[in-house]
There are 2 protein chains.
Amino acid sequence: MRDIADATGVAASTVSRALSLPDRVNPVTQERIQRAARELGYVANSQARALTSGRTRAVAVLVSDITNPFYFDVIRGTQHQLAGAGWTQLLVDTEESADAEMAALSAVGAKADGVVLTASRLSDAQIARFAERVPLVVVNRRPAGVPSVLIDTPGGVEQAVQHLVSLGHREILYVAGPDSSWSNERRWRALVQVAKRLGIRVGRVGPHAPFVDSGAAAADAAVHAGATACIAFNDLIAIGMLARLRERGVRVPEEMSIVGCDDIFGADFCNPPLTTMTSPIERAGRVAIRMLLGRLGALPADELPGEHMSGAVALPTHLTVRESTGPAPRSDTA
Amino acid sequence: MRDIADATGVAASTVSRALSLPDRVNPVTQERIQRAARELGYVANSQARALTSGRTRAVAVLVSDITNPFYFDVIRGTQHQLAGAGWTQLLVDTEESADAEMAALSAVGAKADGVVLTASRLSDAQIARFAERVPLVVVNRRPAGVPSVLIDTPGGVEQAVQHLVSLGHREILYVAGPDSSWSNERRWRALVQVAKRLGIRVGRVGPHAPFVDSGAAAADAAVHAGATACIAFNDLIAIGMLARLRERGVRVPEEMSIVGCDDIFGADFCNPPLTTMTSPIERAGRVAIRMLLGRLGALPADELPGEHMSGAVALPTHLTVRESTGPAPRSDTA
DNA sequence: TTGAAAGCGCTAACAG
DNA sequence: CTGTTAGCGCTTTCAA
């Protein structure tokens with residue numbers, strides 16, 4: 001910056017202004033400075049800028065497992081919305097560790113102006129405490145007082161149950177995900193409730209880690225339980241179950257119907273294609289960023305007027321029926 | 001930092017030392033400072049630190065499409081290796097744009113100590129120029145003088161061709177990826193060469209964008225060309241072809257064999273499971289980081305002695321045979 | 001072993 | 001509209 005100040009014969013502060021607040025400077029010198037900057041190949045040092053201004057124009061996105069396809073879509077959503085606003089994304093993989101999450105949240109203050117927290121391992125209280133110190137939006141979590149975007153899988157569960165019931169199933173097995181997952185409990189409760197209303201039975205196996213590999217054990221448990229219809233915590237587990245059932249010679253959906261959750265990459269081309277609750281995952285990422293940017297007073301032009309600046313927004317889910325669900329086998333309806 | 005200096009009655013510079021170079025300070029005061037820091041909940045401001053020291057302990061990883069499962073594995077590899085060394089990863093999605101890539105590379109200087117460049121859209125010369133200004137390691141590219149890690153897909157292509165030939169195929173169709181892809185040309189050339197040696201014919205269709213959706217057009221082209229064996233640029237396209245062929249009633253592998261490339265998430269559970277060249281993608285990410293950290297003089301303990309500090313390292317690929325390849329149909333062998 | 005002082009690259013009052 | 005002057009939070013000479 002000094003170089004370009006020298007080159008144009010103005011003070012460094014004028015250069016700063018010409019570059020960051022162009023209309024607060026004489027159009028002529030402004031142009032001169034811009035040109036010099038270009039010629040000298042000047043690129044602002046965002047760190048130094050952040051140091052004085054206190055603003056980084058970056059947001060940290062914390063995910064618990066960068067390997068999980070679910071997050072790919074979230075990340076894509078946040079990335080796009082952020083890039084569109086000229087902001088930077090800081091991706092942090094907390095690797096399912098609450099400690100790593102705490103550490104990241106503590107350190108983030110200087111690196112980013114806000115954070116999007118997905119699949120937190122922290123307690124509601126802990127999250128709320130951090131939210132006081134740094135602008136925070138959580139995804140798939142609902143700590144009081146913290147803005148959040150929820151994917152309405154309970155709504156999807158209802159659709160899934162209706163679907164299975166319409167196919168003649170009278171008993172549904174829930175293949176649970178990790179105990180530490182908020183969504184997991186939420187889905188289970190929704191299932192219990194809908195089942196009661198519809199007068200069907202529910203069972204539960206698990207917990208299972210949210211990986212394809214966990215599907216084998218899950219499938220075995222389901223077969224052992226004599227299930228004919230399963231709703232899995234997520235598509236990863238469901239896809240793993242499909243593979244294992246095929247291996248065991250259990251036909252899907254003739255002998256067992258499987259419903260997944262999320263509609264991740266792969267759900268449409270696995271074998272058979274998976275009936276699943278399609279979640280607007282990417283949109284969740286975008287909405288989270290929009291909420292955050294809104295609270296930071298940094299929304300582009302198309303700012304949604306206070307729409308869901310605070311509180312929780314729930315994104316609807318819908319059931320996508322593919323070939324992994326079918327009529328209940330005779331023995332079941334009997 | 002001032003707070004903890006005040007609290008312990010020492011100078012700020014001593015606090016700095018106690019925190020960053022603990023052995024350059026009296027053990028007693030050192031301990032006192034550490035404790036105060038902990039009590040005050042001090043976390044270093046990495047930006048300010050970078051400003052003076054010039055080192056950020058961060059590396060930028062540029063990918064051309066964060067959405068492509070191939071990069072998930074690369075990212076996982078870089079992330080792990082980096083985290084293990086206590087470094088930070090800056091993920092940048094260049095969205096297939098050379099401009100975005102240039103911009104990112106220019107701006108990266110202050111934000112990171114080095115960069116890993118994957119699937120660059122830039123020319124070798126441009127890459128080499130950047131490499132002079134900032135420590136750089138490229139993946140799947142080989143600009144002279146720039147350290148690179150290559151995934152040896154040509155070796156995989158040879159295995160794939162041998163495999164197909166052993167199944168009786170005498171003609172192979174290459175389903176090309178984007179023209180701008182270095183790997184694409186590389187695979188094609190390898191195919192031509194092996195084919196010549198083995199005395200079989202090759203054809204080529206494309207280019208096709210590296211998405212599952214591109215597979216439909218690719219499959220149609222393959223059918224039109226009367227192919228009975230295809231090697232696709234990558235698994236995404238191959239998986240899309242599988243879906244389209246199924247839709248058109250073309251049986252795989254009875255009527256057409258399909259070989260993919262990379263063995264990404266999904267290749268083992270698509271229908272039928274895909275025969276593909278398994279690439280050590282995650283390892284490529286790890287190796288790239290290790291090379292970079294090596295050049296930055298920042299390797300942990302297990303530093304590989306100069307092994308591939310510079311030059312190019314090629315990671316071997318192997319063919320994983322699954323159910324999408326089978327004997328050539330009669331009409332072909334006739 | 002410690003403190004004082006200078007300064008990393010930039011922005012933000014405050015005068016002029 | 002522009003220059004001067006302080007810092008942002010930290011590291012790093014240089015002396016003591």
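Lettering follows sequence order; numbering is per chain, from 1.
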**OP:** Going 5' to 3' through nucleotides 9-16 of chain C, assign each nucleotide B (protein heavy atom under 4.0 Å from a base atom), S (under 4.0 Å only from sugar-phosphate atoms) or - (no protein heavy atom that close).
**Re:** BBBBB---

Original post:
Do B:Phe72 and A:Phe72 have ring centres separated by under 6.0 Å?
Top reply: yes

Once rounded to the nearest 0.5 Å, what's the spacing between atom [atom1] of [X] and atom [atom2] of [Y]?
X        : Y        : atom1 : atom2 : answer
A:Ile66  : A:Thr94  : CD1   : OG1   : 10.0 Å
A:Leu105 : A:Leu117 : CG    : CG    : 5.5 Å
B:Leu90  : A:Thr88  : CG    : OG1   : 8.0 Å

**OP:** Identify, with sequence neighbours excluded, every residue that meets side-chain contact (heavy atoms from CB on, under 4.5 Å) alongside B:Asp124.
**Re:** B:Arg141, B:Pro143

**OP:** Under the side-chain contact (heavy atoms from CB on, under 4.5 Å) rule, collect the residues that match up with A:Ala44, sequence neighbours excluded.
**Re:** A:Tyr42, A:Arg49

Output a table of donor-acceptor pairs, distance under 3.5 Å, between side-chain atoms of residues 10-27 of chain A and any protein atom two or more places apart or on a different chain; print 'none' if there are none.
unit_1  : atom_1 : unit_2  : atom_2 : d
A:Ser20 : OG     : A:Ser16 : O      : 2.7
A:Asn26 : OD1    : A:Val28 : N      : 2.7

Subject >> Qualifying side-chain hydrogen bond (donor to acceptor under 3.5 Å, both in side chains) pairs, either residue in residues 58-76 of chain A, two or more places apart >> reply: A:Ser64-A:Tyr71, A:Thr67-B:Arg76, A:Asp73-A:Arg76, A:Arg76-B:Thr67

Original post:
Is there any side-chain hydrogen bond (donor to acceptor under 3.5 Å, both in side chains) pair reaching into residues 108-121 of chain B, and which pairs are they, with sequence neighbours excluded?
Top reply: A:Ser46-B:Lys111, B:Thr56-B:Asp113, B:Glu96-B:Arg121, B:Glu101-B:Ser120

Kindly list each side-chain donor-acceptor pair under 3.5 angstrom involving residues 125-132 of chain B, sequence neighbours excluded, with atom names and distances?
unit_1   : atom_1 : unit_2   : atom_2 : d
B:Gln126 : OE1    : B:Ser123 : N      : 2.9
B:Gln126 : OE1    : B:Ser123 : OG     : 3.3

May I have the list of side-chain donor-acceptor pairs in residues 30-37 of chain A shorter than 3.5 Å, sequence neighbours left out?
unit_1  : atom_1 : unit_2  : atom_2 : d
A:Gln30 : OE1    : A:Gln34 : NE2    : 3.4
A:Arg32 : NH1    : A:Thr8  : O      : 3.0
A:Arg35 : NH1    : A:Glu39 : OE2    : 3.1

Subject >> Residues from residues 27-41 of chain A lying under 4.0 Å of DNA chain C - heavy atoms >> reply: none

Subject >> Paired stretches of DNA chain C - 3 or more consecutive Watson-Crick or G-U pairs, each distance under 3.5 Å >> reply: C:1-16 with D:1-16

**OP:** Check every nucleotide of DNA chain D for an atom under 4.0 Å from a heavy-atom of chain A, then give the first and the last such nucleotide from 5' to 3'.
**Re:** D:dC1 to D:dG9

Original post:
Can you name the residues that form a side-chain hydrogen bond (donor to acceptor under 3.5 Å, both in side chains) with A:Gln79, not counting sequence neighbours?
Top reply: A:Gln89

